[in-house]
There are 6 protein chains.
Amino acid sequence: MRPSGRAPDQMRTLSFEPGFTKHAEGSCLVSFGDTRVLVTASLEEKVPPFLRGKGQGWVTAEYGMLPRATHTRGAREAAKGKQSGRTQEIQRLIGRSLRAVTDLQLLGERQIVLDCDVIQADGGTRTAAISGAWVALRLAVDGTMGKLSADPIRTQVAAVSCGFHQDTAVLDLDYLEDSTAGSDGNFVLTADGAIVEAQLTAEGATFDEEGLLRLLRLARIGCGDIFAAQLKACGR
Amino acid sequence: MRPSGRAPDQMRTLSFEPGFTKHAEGSCLVSFGDTRVLVTASLEEKVPPFLRGKGQGWVTAEYGMLPRATHTRGAREAAKGKQSGRTQEIQRLIGRSLRAVTDLQLLGERQIVLDCDVIQADGGTRTAAISGAWVALRLAVDGTMGKLSADPIRTQVAAVSCGFHQDTAVLDLDYLEDSTAGSDGNFVLTADGAIVEAQLTAEGATFDEEGLLRLLRLARIGCGDIFAAQLKACGR
Amino acid sequence: MRPSGRAPDQMRTLSFEPGFTKHAEGSCLVSFGDTRVLVTASLEEKVPPFLRGKGQGWVTAEYGMLPRATHTRGAREAAKGKQSGRTQEIQRLIGRSLRAVTDLQLLGERQIVLDCDVIQADGGTRTAAISGAWVALRLAVDGTMGKLSADPIRTQVAAVSCGFHQDTAVLDLDYLEDSTAGSDGNFVLTADGAIVEAQLTAEGATFDEEGLLRLLRLARIGCGDIFAAQLKACGR
Amino acid sequence: MRPSGRAPDQMRTLSFEPGFTKHAEGSCLVSFGDTRVLVTASLEEKVPPFLRGKGQGWVTAEYGMLPRATHTRGAREAAKGKQSGRTQEIQRLIGRSLRAVTDLQLLGERQIVLDCDVIQADGGTRTAAISGAWVALRLAVDGTMGKLSADPIRTQVAAVSCGFHQDTAVLDLDYLEDSTAGSDGNFVLTADGAIVEAQLTAEGATFDEEGLLRLLRLARIGCGDIFAAQLKACGR
Amino acid sequence: MRPSGRAPDQMRTLSFEPGFTKHAEGSCLVSFGDTRVLVTASLEEKVPPFLRGKGQGWVTAEYGMLPRATHTRGAREAAKGKQSGRTQEIQRLIGRSLRAVTDLQLLGERQIVLDCDVIQADGGTRTAAISGAWVALRLAVDGTMGKLSADPIRTQVAAVSCGFHQDTAVLDLDYLEDSTAGSDGNFVLTADGAIVEAQLTAEGATFDEEGLLRLLRLARIGCGDIFAAQLKACGR
Amino acid sequence: MRPSGRAPDQMRTLSFEPGFTKHAEGSCLVSFGDTRVLVTASLEEKVPPFLRGKGQGWVTAEYGMLPRATHTRGAREAAKGKQSGRTQEIQRLIGRSLRAVTDLQLLGERQIVLDCDVIQADGGTRTAAISGAWVALRLAVDGTMGKLSADPIRTQVAAVSCGFHQDTAVLDLDYLEDSTAGSDGNFVLTADGAIVEAQLTAEGATFDEEGLLRLLRLARIGCGDIFAAQLKACGR
């Protein structure tokens with residue numbers, strides 16, 4: 001039995017609130033249950049130094065957590081003077097995931113920065129961030145289609161966590177499940193069925209091929225729900 | 001005529017949404033028009049090193065702005081590795097303002113940290129932060145009264161900006177007014193009529209005693225509105 | 001009775017020693033009693049990036065305190081690896097104050113950096129710094145008038161602190177008064193009577209309009225003395 | 001055809017040189033072909049703050065790359081003043097992998113730090129580091145068994161990369177293959193057949209379940225070779 | 001002929017102004033011609049962590065240069081966020097030099113920090129700093145003799161630079177000579193004739209034993225003058 | 001009697017292993033007994049900003065110590081976020097030493113960076129680094145002679161430490177001697193007999209002219225051995 005009473009293959013309540021802030025070219029407040037992440041997409045008419053003059057664009061991400069997004073207050077990274085290894089790992093993952101569905105040539109010499117700031121954390125902040133980032137990116141690109149020759153977004157991308165809770169494979173772990181899971185992982189999938197990233201970690205209990213495939217099957221179910229919600233949020 | 005069509009002594013629409021996040025002992029999403037700041041109050045059963053063993057508590061604040069809270073994206077302070085002088089100036093001001101209405105002896109050896117994170121900026125983020133921080137502080141103290149011998153909050157505190165827009169003294173400047181004001185300032189006032197802080201700066205045009213008093217009179221009007229809204233948000 | 005035996009509206013002994021160092025385009029060792037600040041003005045034939053090609057100049061300030069300028073040794077900011085919030089707040093204030101009396105167009109594409117280093121502290125280091133910075137700036141501009149079409153310095157600027165010591169409004173607080181004042185503030189005024197900055201803070205006791213005006217009246221008296229001493233130091 | 005002429009399921013020449021340095025409790029120079037990593041295991045009779053007094057030990061890792069380990073010189077992280085996101089991601093992975101096979105209770109209140117410094121890079125530095133770290137850890141524990149009640153190392157751990165090179169699944173990618181692989185990943189496995197970590201990333205081409213399983217099968221082959229070489233290096 | 005017209009074995013005008021600041025336990029403004037360094041000695045009733053409980057004291061130094069002590073303004077180290085290699089090299093040298101004449105056992109569990117801040121630079125700032133630091137240290141120890149069983153200062157220490165200017169060995173190089181010297185060095189000597197430090201560097205022209213001994217002979221002459229001036233400044 | 005049983009004027013076993021890594025233009029693993037330093041020379045077709053457009057090249061060095069190169073593990077400088085004063089002092093010394101024998105005009109607008117990383121420390125890491133750096137530099141220049149009009153390396157440079165161990169002057173101190181030496185120093189000499197650097201420090205016991213000359217005589221003996229070994233390593 002899951003602490004939340006959910007079925008093993010049941011997502012938490014999903015919500016994508018597009019246009020949550022007014023300045024960004026695209027924005028979205030995404031909720032996976034009590035996990036809430038504000039994503040903004042900022043379109044800049046320039047690219048990072050390593051891409052200058054190469055005729056292509058870039059999509060990158062930054063991730064942060066408000067100090068009291070969590071049960072006990074964490075130190076503010078700006079005050080500590082550096083981003084943690086965890087923060088950097090997550091923002092690199094978000095960037096790679098979104099670039100996997102973007103045609104950087106079609107974007108032209110432009111950069112889109114996806115800022116993912118966790119307002120409230122209850123497990124799965126990185127998967128919510130990736131899923132919400134696609135909505136913010138979609139909205140930002142929609143608003144700039146006048147400058148583009150074709151749509152640079154090839155398909156949808158979404159992410160969800162899965163893991164073993166008391167030996168049962170469950171979908172979309174909340175904080176309680178995440179902190180006690182024997183092993184878990186995050187899957188980043190595209191709407192056309194491909195795997196973009198799979199990251200599995202054994203914490204306590206290790207796993208095998210069979211376990212890996214069971215988690216992946218759950219991830220496909222969860223991402224299906226997310227894809228539908230993303231489209232609806234973008235009015236598609 | 002103000003760009004927003006407001007009367008010179010008219011505040012923007014005020015909103016205090018208490019309990020915006022679930023983990024913090026107190027929280028509030030405060031809006032002064034399009035300026036929105038999320039404030040959380042975290043109660044910690046410890047004090048900073050310089051107060052250990054002195055039998056009193058502490059109230060302090062940290063301030064941050066999400067990278068795309070503004071018209072154009074600003075660099076993330078956590079990524080730059082340091083807080084700007086502006087950020088530090090503001091968080092020191094918020095801390096002083098809230099300590100001015102708190103009896104630190106009555107708080108006991110506890111610290112309350114007020115995290116003020118700007119979700120969307122349209123002028124007056126520091127005054128919204130101070131005003132919202134009082135609500136978050138009030139809620140956090142309400143929730144911990146069982147541990148306290150008496151209420152450590154002496155009175156309400158609120159803040160508002162005033163300035164000269166096209167030679168007219170106006171209340172609660174939005175971004176458009178703020179960026180063109182000849183001179184302006186921020187006032188921090190208590191509900192019993194005292195001035196806690198007054199900070200006036202001439203940018204372009206200097207001012208005199210008469211001007212200073214006119215701005216202060218507007219500030220008293222604006223803070224009156226804020227005090228009423230704060231009480232309502234706290235259910236008092 | 002003030003600890004120093006001074007009358008409430010009496011400044012400490014003022015001294016401006018121009019040309020204290022030989023390399024700077026302008027320099028001044030300013031003393032407000034035992035508070036001593038060395039100010040140098042460095043003229044650079046370049047402007048900060050945000051002003052390049054705009055045909056105007058810039059005036060900025062940096063502030064530091066020697067580790068043993070104070071009663072007990074403070075950590076060296078260069079060794080700690082960052083400037084404190086207090087340091088940044090003060091150097092921003094000095095910069096704004098001097099820019100308020102400078103015509104940046106007339107300065108041309110040049111920058112003047114005012115370095116204010118506290119040799120010995122006894123209260124009022126920021127007001128001494130601003131007052132001395134005007135002398136260093138005046139001397140630096142005098143020495144470069146051959147390159148300028150007209151004098152970019154419109155008028156004098158000076159600063160002084162005022163506050164309530166045992167319920168009496170007093171002028172130019174020394175360290176003993178400053179550390180026990182109920183509320184105090186700093187005023188930056190120009191020689192033609194305008195207010196450039198007013199920063200009042202209640203520490204312990206709050207204040208009201210009447211108190212604010214009494215402090216401002218004292219500040220006008222003190223700045224009058226400073227203006228006279230500045231002119232004499234510059235040989236005008 | 002692989003650039004190196006290896007068969008798809010063929011590892012590069014493996015070499016573990018135990019005792020490469022004299023001061024460390026355990027050390028090993030590991031080579032996966034031209035990739036060479038020096039690993040030292042330092043045993044410290046203390047634990048990190050979060051574990052003090054809990055009666056258990058800790059195993060952690062740090063990773064670095066000599067500036068000219070690569071084709072073109074990279075900036076020295078000590079001179080830049082921070083470790084890159086990539087460095088932090090890798091050292092977190094190494095630490096998790098070794099902890100997965102260590103009984104931290106049996107280790108007692110001791111910490112073992114695994115320093116993995118890349119002398120020469122040719123693809124697969126993180127997998128070589130994990131595999132060599134097990135040898136250094138084993139040697140350090142062997143040397144301290146007199147203080148321990150039982151062996152805290154449960155089994156062997158090894159890591160290897162796999163990926164698709166020109167649509168063929170290949171084992172242990174070198175730099176040439178790694179930089180052109182459509183998708184690849186790193187597997188961390190134990191000698192008793194469990195998966196500790198699986199990290200797969202699509203760069204360019206995405207993959208599916210079938211691909212994932214093929215890579216995992218290759219990883220099992222490669223880790224078998226590594227396990228044998230580890231034992232031999234430890235004289236077991 | 002030296003640019004200053006001095007004889008090869010002639011020091012610049014020496015001046016030690018004791019008690020330059022009022023808060024420090026010992027202080028001295030030392031001048032070697034136009035090079036002026038303010039040294040303060042701060043006595044602290046504690047020692048650094050590595051000496052706690054060992055029954056001995058410590059003497060250490062910090063060095064800084066005001067941004068406009070030099071011909072062109074240098075960046076402020078506190079603003080850059082780190083001390084340069086040159087700064088660290090110099091402050092380590094000053095600390096070693098003063099420890100060489102101090103009996104740290106007799107000092108007891110106390111630390112004396114020597115802050116050496118260059119007000120104006122014209123060559124030889126480190127040698128002036130060492131020579132002035134001895135005066136500040138002497139004064140600080142004189143003022144604390146009531147707490148000490150015996151005088152911990154064994155003898156005097158002084159430093160001077162020497163070098164080859166146009167093939168002539170000259171004493172106490174000023175900036176003009178220093179910047180064109182073929183090779184030069186700094187000698188730290190004690191009043192009883194011993195060498196504490198000798199640092200010689202060939203910049204452009206190398207040197208040999210004969211040259212080394214000629215420079216050392218000059219250094220003995222210069223330090224003789226300094227020792228006499230130090231004693232006079234301390235009223236001995 | 002020396003702990004190692006060596007004669008006073010006897011070097012440790014010297015070894016220069018050229019071409020230790022494959023990517024660098026020049027590389028060398030140098031051993032002075034148990035002290036082992038890996039030096040790589042990286043040739044870059046650019047110069048630092050202060051030399052751009054001046055038609056000359058630059059030679060510079062960076063120094064690092066692997067965390068467990070020493071008896072007890074030291075903190076990793078990249079993780080601490082800064083290089084120690086000792087590290088900076090050493091890398092500045094290495095750079096100066098190599099520039100002393102290089103004609104920077106003949107090098108053209110190129111930079112050679114010498115990375116000196118200590119694999120294992122047993123005293124004399126900086127002298128081994130300088131001596132090994134010459135070999136790496138020589139190899140890098142040999143490999144690029146096709147682009148140069150003439151050989152920019154004027155002569156060989158080597159370094160060795162000397163000091164007083166139990167009142168006997170000894171050559172090439174190992175860690176045991178170094179940590180107990182009354183006074184010691186490092187000499188950097190060229191193959192044509194000139195002194196490039198001489199740095200002597202009294203730790204405990206001071207020294208005099210006679211002692212200085214005795215140490216220098218030993219240094220000439222030691223550098224003779226090193227020069228021969230360098231040539232052999234370079235195949236000359």
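What you see below is based on every heavy atom in this structure, not just the backbone, and it leaves out hydrogens, waters and symmetry mates. Each chain gets a letter, A, B and so on, in the order its sequence line appears, and its residues count up from 1.
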| request: Dump the intermediate steps for side chain to side chain contact (heavy atoms under 4.5 Å, CB included) on F:Val135 and F:Cys234, then the final yes or no. | output: CA-CA 7 Å; F:Val135 172; F:Cys234 297; 3.8 Å; yes
| task | Just give me the residue among F:Thr21, F:Asp115, F:Asp122, F:Thr40 that pairs up with chain D most often, heavy atom to heavy atom, under 4.5 Å. | result | F:Asp115
| Where does D:Lys22 contact chain F at under 4.5 Å (heavy atoms): side chain, backbone, both or neither? | both
| query | Which answer fits D:Ser42, side chain, backbone, both or neither, if we ask what part of it has an atom under 4.5 Å from a heavy atom of chain F? | reply | both
| task | Would you confirm whether D:Arg99, through its side chain, and D:Trp58, through its main-chain N or O, come within 3.5 Å as a donor-acceptor pair? | result | no
| message | Using the side chain to side chain contact (heavy atoms under 4.5 Å, CB included) definition, which of the options F:Leu106, F:Thr102, F:Leu43, F:Ile112 pairs with F:Val141? | response | F:Ile112
| In terms of heavy-atom pairs under 4.5 Å, which option from F:Asp117, F:Thr72, F:Leu38, F:Thr87 contacts chain D the most? | F:Asp117
| Residue selection (most heavy-atom pairs with chain D, distance under 4.5 Å) from F:Gly81, F:Ala69, F:Ala41 | F:Gly81
| Among D:Arg73, D:Arg36, D:Glu44, D:His71, residue most engaged with chain F (heavy-atom pairs, under 4.5 Å) | D:Arg73
| Option in F:Gln88, F:Lys80, F:Gln83, F:Glu77 with maximal non-hydrogen atom pairs under 4.5 Å from chain D | F:Gln83
| query | Which bit of F:Gln120 is near chain D, if near means a heavy-atom gap under 4.5 Å: side chain, backbone, both or neither? | reply | side chain
| message | Can you confirm whether the side chains of F:Thr70 and F:Tyr175 place a donor and an acceptor under 3.5 Å from each other? | response | no
| Going by heavy atoms in the side chains, are D:Thr127 and D:Ile226 under 4.5 Å from each other? | no
| query | Hey, are D:Glu25 and D:Thr144 close enough side-chain-wise for a donor-acceptor pair under 3.5 Å? | reply | no
